[in-house]
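What follows is a short report on a single structure.
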Amino acid sequence: MKYALGPLLYFWSKENVESFYQQATNSEADIIYLGESVCSKRREMKPKDWFAIAKDISDSGKQVVLSTMALLEAPSEVNVMKKYIDNGDFIIEANDVSAIQLASESKVPFVVGPAVNCYNAQTLNLFLKQGMTRWCMPVELSREWLQNVLTQCDELGIRNKFETEVFSYGYLPLAYSARCFTARAENKPKDECETCCIKYPTGITVNSQEGQEVFTLNGIQTQSGYCYNLINDLPSMNNLVDVVRLSPLSVETFDEVSKFKANETGSEKFALKDARHCNGYWHNIAGLDIQM
């Protein structure tokens, strides 16, 4: 089993981003996803900056994947996506079907990201023919659902032709919107947001009227209110999952990678009940629930 650091979903300063990925080079992660996948207005990191980081990390022996945007709204954003695809060195993570089309035309291998609505073996077979090498299943789906789809893949004879990845740690990206909820929270229009999301390095928590932390706002993303954590569910991934994805929250995420690796056999249970964590979707129950 391999471990991946997913793309950074939050807006950090260039200095903090570069510092984080310098440390990522020495982390226990096997795969590093890089790039802006949430909002094109987050411009502190240019494509050339991501490519430079990618080269440094690749030189350390880790696999690098360049992640593309999940919601494209302007030709300029498509042009940036083309730069990622045409980088000449690294595969991409396609978070929109348009990225799959362009990557296929350019003969660039790609990972199908969790933002792409891919729910059956027939769709996976289509993507495989277009150049897919790995698939990260949508975050709201369960182990049972994954097992059924992979059984379908066996029947089609494609099960061993791609890797399967599961989002296993971090705030789950549940939905994307053309509106920016972070700007709205500060009474700013989206076009004059002043990239205020940089003030919230892990998003803005939204409570229900009963005080439950139901969502996290991250620009155009609506995320889960609790941190998804499958550290105790790793044994149930045997023979199903090739890559475990952890979404960066801070430098402490490197410690989480180490904890995940150490608990691959489930030798020790981590107490998650009172730690604002959840694992409901994996167990086919309510997403915010925790099954011990």
Side-chain angles (χ1 to χ4, degrees), residues 1-38 42 44-45 47-68 84 87 89-93 95 111 113-114 133-136 139 163-173 201-203 218 223 227-235 237-238 241-268 270 272 275-277 279:
M1 194 175 285
K2 292 182 284 190
Y3 293 83
L5 282 176
L8 177 61
L9 301 180
Y10 306 100
F11 188 29
W12 295 355
S13 69
K14 183 179 180 181
E15 179 183 3
N16 286 342
V17 170
E18 291 176 338
S19 174
F20 179 83
Y21 285 110
Q22 284 173 0
Q23 295 177 69
T25 302
N26 299 315
S27 73
E28 293 191 59
D30 306 291
I31 302 164
I32 309 289
Y33 288 83
L34 299 171
E36 179 55 56
S37 63
V38 178
R42 299 173 174 180
E44 288 217 357
M45 295 290 295
K48 63 181 179 63
D49 299 318
W50 288 117
F51 297 162
I53 292 175
K55 179 68 167 57
D56 290 342
I57 293 176
S58 179
D59 288 344
S60 74
K62 300 183 187 298
Q63 184 190 32
V64 172
V65 184
L66 297 175
S67 296
T68 64
Y84 278 64
N87 74 87
D89 294 306
F90 308 105
I91 69 173
I92 68 154
E93 178 187 40
N95 286 303
V111 177
T133 60
R134 184 159 65 242
W135 163 60
C136 187
V139 300
E163 292 182 314
T164 301
E165 182 172 348
V166 170
F167 188 114
S168 302
Y169 179 85
Y171 293 97
L172 297 168
T202 54
N218 176 38
Q223 300 178 320
C227 180
Y228 199 55
N229 194 337
L230 300 186
I231 192 168
N232 293 329
D233 298 294
L234 294 172
M237 297 183 187
N238 287 338
V241 179
D242 302 296
V243 179
V244 174
R245 177 181 296 205
L246 289 82
S247 184
L249 297 177
S250 66
V251 293
E252 282 73 23
T253 307
F254 303 132
D255 294 333
E256 296 299 331
V257 175
S258 300
K259 290 177 184 177
F260 267 70
K261 277 198 166 185
N263 198 42
E264 197 166 290
T265 61
S267 57
E268 57 177 297
F270 284 82
L272 305 179
R276 294 181 64 241
H277 287 189
N279 62 8

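Throughout, residue positions are numbered sequentially from 1 according to the sequence presented. Since the model is a prediction, treat every value here as computed from it, not as a measurement.
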Practice problem: Could you walk me through whether I57 and Y21 pass side-chain contact (heavy atoms from CB on, under 4.5 Å), step by step? | Solution: CA-CA 8 Å; I57 293 176; Y21 285 110; 4.0 Å; yes
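- Here the OH-OG1 distance, from Y33 to T68, works out to 11.5 Å after rounding to the nearest 0.5 Å.
- With a 4.5 Å cut-off on side-chain heavy atoms, E264 and Y3 count as touching.
- Within the 4.5 Å cutoff, side-chain heavy atoms of M45 are placed close to those of I53.
- Looking at heavy atoms from C-beta onward, V166 lies in side-chain contact with L230 at the 4.5 angstrom threshold.
- For the pair S168/V241, no side-chain contact is recorded, criterion being any heavy-atom separation below 4.5 Å from C-beta on.
- Within the 4.5 Å cutoff, side-chain heavy atoms of K261 are placed close to those of D30.
- The minimum heavy-atom distance between S250 and F20, with the atom names listed, is O-CE1, 3.4 Å.
- Remark: D255 does not engage K259 in a salt bridge, criterion side-chain N to carboxylate O under 4.0 Å.
- Once rounded to the nearest 0.5 Å, the distance linking CG of N87 with NZ of K48 reads 15.5 Å.
- Side-chain atoms of D242 and R134, non-hydrogen and from C-beta on, never get closer than 4.5 Å to each other.
- Here D89 pairs with nothing under the side-chain hydrogen bond (donor to acceptor under 3.5 Å, both in side chains) rule; sequence neighbours left out.
- One finds the CZ atom of R276 at 4.0 Å from the OH atom of Y171 (value rounded to the nearest 0.5 Å).
- A pairwise comparison of heavy atoms in G170 and S247 identifies CA-CB, 4.2 Å as the closest pair.
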Exercise. Mind running side-chain contact (heavy atoms from CB on, under 4.5 Å) on E44 and F11 for me, showing each step along the way?
Key: CA-CA 9 Å; E44 288 217 357; F11 188 29; 3.7 Å; yes
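- In terms of modelled atom types and a separation under 3.5 Å, the side chain of Q63 and the main chain of I31 share no donor-acceptor contact.
- For the pair D59 (side chain) and D56 (backbone), a donor-acceptor distance under 3.5 Å is absent.
- Across every non-hydrogen atom of V139 and P173, the tightest pair is CG2-O, 3.5 Å.
- Across L249 and C227, no two heavy atoms sit closer than the pair CD1-SG, 4.2 Å.
- Shown here for N218 and R42, the closest heavy-atom pair between the two residues is OD1-NH2, 3.0 Å.
- When side chains are defined from C-beta on, F254 counts as touching L5, because their heavy atoms get closer than 4.5 Å.
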Exercise. Show your reasoning for whether side-chain contact (heavy atoms from CB on, under 4.5 Å) applies to S13 and V17.
Key: CA-CA 6 Å; S13 69; V17 170; over 6 Å; no
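- To the nearest 0.5 Å, atoms CD (E165) and CE (M237) are separated by 11.0 Å.
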Quiz prompt | Check against side-chain contact (heavy atoms from CB on, under 4.5 Å), N232 and N279 | solution = CA-CA 9 Å; N232 293 329; N279 62 8; 5.8 Å; no
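- Between V257 and S27, every side-chain heavy-atom pair lies at or beyond the 4.5 Å cut-off.
- How far OG1 of T202 is from CH2 of W12: 9.0 Å, rounded to the nearest 0.5 Å.
- Residues A54 and F90 come closest through the heavy atom pair CB-CE1, 3.5 Å.
- A donor-acceptor distance shorter than 3.5 angstrom exists from the side chain of E36 to the backbone of V38, with no hydrogens or angles considered.
- For the atom pair CH2 of W50 and CG of L66, the computed distance is 9.5 Å after rounding to the nearest 0.5 Å.
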